[in-house]
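Can you keep this structure in mind? I'll have questions shortly.
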Amino acid sequence: MRLIMLSIAFAGIAGMSACNNAEQKETVKDSVAVDNTLPPPPSTPEERAAALAGCYSVIHGRDTSSLQLDVRGTAVTGPLSYMLYEKDKNTGTIQAEIKDDLLTGWYFFKSEGIMSVRQVIWKIHGADLWPGMGEMKSNKDTLSFVNPNNLQFDTTHPFKKVPCML
């Protein structure tokens, strides 16, 4: 009988000890500080320009547009392509400048075997680029905005930053 009582007492002490260890482990686990804050957004023009570098894409239905930005100071260059469903694909490069929250420049591209130039303007909104839309005028092989200061920006189909594939 004494052996049974000792066994029960030992089991009770072991059980309480296990509970205390679990509580201690829980306390240790709960006391670990986790930093969930995001890094601050770029604040200087140089930091904002550097953050803009990378690859962007828009997929809308069966249409895909891809852009890669190489940034040197406020100068931006890189390949741009539009693959529009049941239309000719056009690929080329952009040469642009960053000024305030706009990326403004020219898209030099080939479509249907013909070289063309089109003015492009994107509004920089966080990690997205909103394409500018407005009335355009044609002068030989070049399309430019009639009033670049009065554009609408497409917030529903932005170029989103994506991992670069090459």
Side-chain angles (χ1 to χ4, degrees), residues 26 28-166:
E26 201 75 87
V28 170
K29 185 172 107 178
D30 290 343
S31 68
V32 175
V34 177
D35 183 7
N36 287 331
T37 59
L38 296 173
S43 59
T44 66
E46 294 80 15
E47 288 175 343
R48 284 193 297 275
L52 197 60
C55 296
Y56 296 80
S57 181
V58 176
I59 299 173
H60 179 66
R62 294 183 176 181
D63 300 336
T64 303
S65 303
S66 301
L67 170 65
Q68 181 176 337
L69 299 180
D70 299 311
V71 180
R72 303 259 190 280
T74 60
V76 179
T77 60
L80 172 61
S81 69
Y82 292 95
M83 292 179 280
L84 307 176
Y85 181 69
E86 294 187 342
K87 295 193 180 193
D88 288 325
K89 159 178 138 173
N90 60 66
T91 59
T93 59
I94 65 161
Q95 293 179 358
E97 289 285 327
I98 303 167
K99 185 171 182 196
D100 299 323
D101 64 345
L102 294 178
L103 177 61
T104 305
W106 298 95
Y107 174 42
F108 302 88
F109 65 98
K110 193 172 193 174
S111 180
E112 297 181 12
I114 298 171
M115 285 301 296
S116 299
V117 180
R118 181 171 59 87
Q119 188 176 22
V120 290
I121 300 177
W122 286 277
K123 184 175 188 106
I124 303 165
H125 186 265
D128 294 347
L129 300 175
W130 296 346
M133 302 178 302
E135 184 181 353
M136 300 197 91
K137 62 184 174 186
S138 177
N139 183 10
K140 297 183 184 174
D141 67 347
T142 302
L143 284 173
S144 60
F145 290 110
V146 171
N147 189 352
N149 295 321
N150 192 26
L151 298 178
Q152 298 294 313
F153 291 95
D154 186 355
T155 61
T156 59
H157 304 105
F159 280 73
K160 296 266 189 194
K161 200 160 201 181
V162 297
C164 293
M165 297 299 178
L166 297 175

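Hydrogens, waters and symmetry mates play no part in the numbers below; they use all other heavy atoms, side chains included. The structure displayed is predicted, hence computed values, not measured ones.
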Does any N or O in the side chain of Lys161 come within less than 3.5 Å of the main-chain N or O of Leu129, such that one atom is a donor and the other an acceptor?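 Flag not set: sc Lys161 to bb Leu129 has no pair under 3.5 Å.
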What's the shortest heavy-atom distance between Pro158 and Pro131, and which atoms?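 Answer, listing the atom of Pro158 first, then Pro131: CA-CD, 4.3 Å.
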Closest non-hydrogen atom pair, Gln119 against Met136: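 Nearest pair, atom of Gln119 first, then Met136: O-CE, 3.7 Å.
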Report the C-alpha distance between Leu102 and Lys123 in whole Å, list the side-chain angles of each, state the deciding distance to 0.1 Å, and finish with yes or no for side chain to side chain contact (heavy atoms under 4.5 Å, CB included). CA-CA 5 Å; Leu102 294 178; Lys123 184 175 188 106; 4.1 Å; yes
Measuring from atom OG1 of Thr93 to atom NZ of Lys110, what distance do you get when rounded to the nearest 0.5 angstrom?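 Thr93 OG1 to Lys110 NZ: 13.0 Å, rounded to 0.5 Å.
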List the steps and the verdict of side chain to side chain contact (heavy atoms under 4.5 Å, CB included) for Asp63 and Val58. CA-CA 8 Å; Asp63 300 336; Val58 176; over 6 Å; no
If you look at every heavy atom in Val76 and Leu69, which pair is closest and at what distance?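 That would be CG1-CD2, 3.5 Å.
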Kindly indicate whether the side chain of Pro148, heavy atoms from C-beta on, has any atom under 4.5 Å from the side chain of Thr104.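 With C-beta onward as the side chain, the pair stays apart.
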From Lys99 NZ over to Ile121 CD1, what is the distance, rounded to the nearest 0.5 angstrom?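 If we round to the nearest 0.5 Å, Lys99:NZ and Ile121:CD1 are 11.5 Å apart.
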May I have the step-by-step check of side chain to side chain contact (heavy atoms under 4.5 Å, CB included) for Ser144 and Trp106, ending in yes or no? CA-CA 9 Å; Ser144 60; Trp106 298 95; 3.8 Å; yes
Result of checking Val117, Thr142, Asp141 against Phe108 for side chain to side chain contact (heavy atoms under 4.5 Å, CB included):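 The side chain to side chain contact (heavy atoms under 4.5 Å, CB included) with Phe108 is passed solely by Val117 among Val117, Thr142, Asp141.
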Spell out, as yes or no, whether a donor-acceptor pair under 3.5 Å connects the side chain of Tyr107 to the backbone of Leu80.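 Judged by distance alone, yes, a pair lies under 3.5 Å.
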So Trp130 and His125, would you call those rings parallel, tilted or perpendicular, with 30° and 60° as cut-offs?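 Aromatic pair Trp130/His125 classed parallel.
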Could you walk me through whether Asp154 and Thr156 satisfy the side chain to side chain contact (heavy atoms under 4.5 Å, CB included) test, starting with their C-alpha distance in whole Å, then the side-chain angles of each, then the deciding distance to 0.1 Å, before giving a yes or no? CA-CA 5 Å; Asp154 186 355; Thr156 59; 2.6 Å; yes
Sequence neighbours excluded, which residues qualify as ring pair (Phe, Tyr, Trp, His ring centres under 6.0 Å) partners of Tyr56?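 None.
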Taking atom CZ of Arg72 and atom CD1 of Ile98, what is their separation to the nearest 0.5 Å?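 Arg72 CZ to Ile98 CD1: 12.0 Å, rounded to 0.5 Å.
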Measure the OG1-CD distance between Thr74 and Glu97 for me, rounded to the nearest 0.5 Å.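 It is 4.0 Å, given to the nearest 0.5 Å.
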Determine whether Lys160 and Ser57 make a side-chain contact, defined as any pair of heavy atoms from C-beta on separated by less than 4.5 Å.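 In short, these two side chains do not touch, never coming nearer than 4.5 Å.
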For Phe145, enumerate each residue passing the ring pair (Phe, Tyr, Trp, His ring centres under 6.0 Å) test, keeping only those at least two apart in sequence or located in another chain.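 Here no residue qualifies.
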Could you tell me which non-hydrogen atom of Leu151 sits nearest to which non-hydrogen atom of Gly132, and how far apart they are?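 Heavy atoms of Leu151 and Gly132 come nearest at CD1-CA, 4.3 Å.
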Please enumerate all residues that pass ring pair (Phe, Tyr, Trp, His ring centres under 6.0 Å) together with Phe153, with sequence neighbours excluded.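 With neighbours one apart ignored, the set is empty.
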Taking C-beta and beyond as the side chain, do Leu103 and Phe159 meet within less than 4.5 Å on heavy atoms?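 No, every pair of side-chain atoms sits at 4.5 Å or beyond.
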Going from OG1 on Thr77 to CD on Gln68, what distance comes out if it is rounded to the nearest 0.5 angstrom?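 It is 9.0 Å, given to the nearest 0.5 Å.
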Spacing of Ile124 atom CD1 and Asp101 atom CG [to the nearest 0.5 Å]: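 Rounded to the nearest 0.5 Å, the CD1-CG separation comes to 6.5 Å.
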